[in-house]
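We count residues from 1, following the sequence as given. Quantities reported herein were computed from a predicted structural model and do not represent experimental measurements. When a ligand or atom number is given, it counts from 1 through the structure's own listing order.
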Amino acid sequence: MRVLLVGSGGREHALAWKISRSPLVEKLWITPGNPGTAQVGENLDLAVDDLDGIVGFARAQGVGLVVVGPEDPLVQGLADRCADAGIPCFGPRADAAELEGSKAFCKEVMIRHRVPTATYRVFSDLNPAISYLQGGARYPLVVKASGLAAGKGVVICEDARQARDAAKAMLEDGAHGAAGRTIVVEDFLDGPEASAFALTDSRTFVPLESCQDHKQLGEGGTGPNTGGMGAVSPNPMMGARTADAVERQVILPTIHGMNHEGRRFQGILFAGLKLTPAGPKVLEYNVRFGDPECQVLMLRLKSDLVPLLLACAEGDLDGCEAPEWDTRPAITVILASQGYPGKYEKGIPIHGLDALETGDDLQVFHA
Ligand code: GLY
């Protein structure tokens, strides 16, 4: 089979590495990819938002599976375009990808289908937002840009002044552009974070092993939040009972709820959770693999990934064998340029990677 993987991060290198090991795969392209993905497949020069280019290439080359790494092309409708062209695509259509594309929609779905989440309000105008923030709101609370803001649209506010500044920056001053024209204000949830992933074809789902990213930049949990300075799997906070509660209270009602709303979800459902004393509650949904969480998951997955991805795309997940996992834990540690996640120098050569003895137990993924 010919496979086309869309994206260029560490997640895509990890996916490309795993896909390239499948005996089913005769050719793997990654677009645009990165120098790491070029070691396991052939990179293309098509941007992730070049939907015409991606679908045209896939059709011309007889691609049997398109795998979409990041959320933006999914929200823009790449899975719909592939479906129109008759090409199986791993990743939800745009109407289902709205779970990540709009935090306001995501909250509505959770409330409608009784998925545990924080109490919230939605605002598109500053004055009512300020009235609420200076009136009945309880602190700390969280102000979020509703749209896609590359992981930067969430502000935890300790008091009304901080909350007003965050709301004004998004609603009036254009921070995050169109993504911040609507904001979600929600109660702050206390407890450890956890990520839960489930593959689904909308009829059935397969939970993946637990894992957790580590967001803070500095040693000892200090410094600003990043996309993730590392990840571990399994997540030591996610015991069997919690995992079971997440499946019953979060994953299942969300997939059923999306079916009920006429927005069939197929692909990977990624629930960002807080494990509160009252049980797991959803902070947000993502519609793609987490990064760097994907890296530890791919190292621990012993089964072939490709049949699972294809089954999600084709609605045949029930016919797949349950995935086998390495029982040993895995960790990812990120090496980032000085200054990250703020301004940082790019293009600095990294030496010495060739000396590493990589294999099933150690991989270097480029992001
Ligand atoms: N590591 C968090 C994310 O992928 O959204």
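Atom OH of Tyr139 and atom CG of Asp187 lie 11.0 Å apart (nearest 0.5 Å).
For residues 62-73, every residue pair satisfying the side-chain hydrogen bond (donor to acceptor under 3.5 Å, both in side chains) rule, not counting sequence neighbours, is listed here: Glu71-Arg288.
Looking at Arg300, its side chain does come within 3.5 Å of a backbone N or O of Asp326 through a donor-acceptor pair. A distance-only check finds a donor-acceptor pair linking the side chain of Ser233 to the backbone of Ser210 [under 3.5 Å].
Residues Val155 and Gln162 form no side-chain contact, since every pair of their non-hydrogen atoms from C-beta on lies 4.5 Å or further apart. Proximity of Phe265 to Arg93: side-chain heavy atoms (C-beta onward) are nowhere separated by under 4.5 Å.
In this structure, Arg11 falls outside the shell of residues with a heavy atom less than 4.0 angstrom from ligand 1. Not a single heavy atom of Gly228 lies less than 4.0 angstrom from ligand 1. Remark: distances from the non-hydrogen atoms of Phe270 to ligand 1 include one below 4.0 Å.
Counting only heavy atoms of the protein, atom 2 (C) of ligand 1 lies nearest to Asp213 OD2, 3.2 Å.
Considering backbone and side-chain atoms together, Arg288 places an N or O closer than 3.5 Å to an N or O of ligand 1. Checking only distances, Gly227 does come within under 3.5 Å of ligand 1, N or O to N or O.
Those atoms of ligand 1 that come under 4.0 Å of a heavy atom in Gly290, given as number and element, are 4 (O). With ligand atoms numbered from 1 in the order given, ligand 1 contributes 1 (N), 2 (C), 4 (O) to contacts under 4.0 Å with heavy atoms of Glu293.
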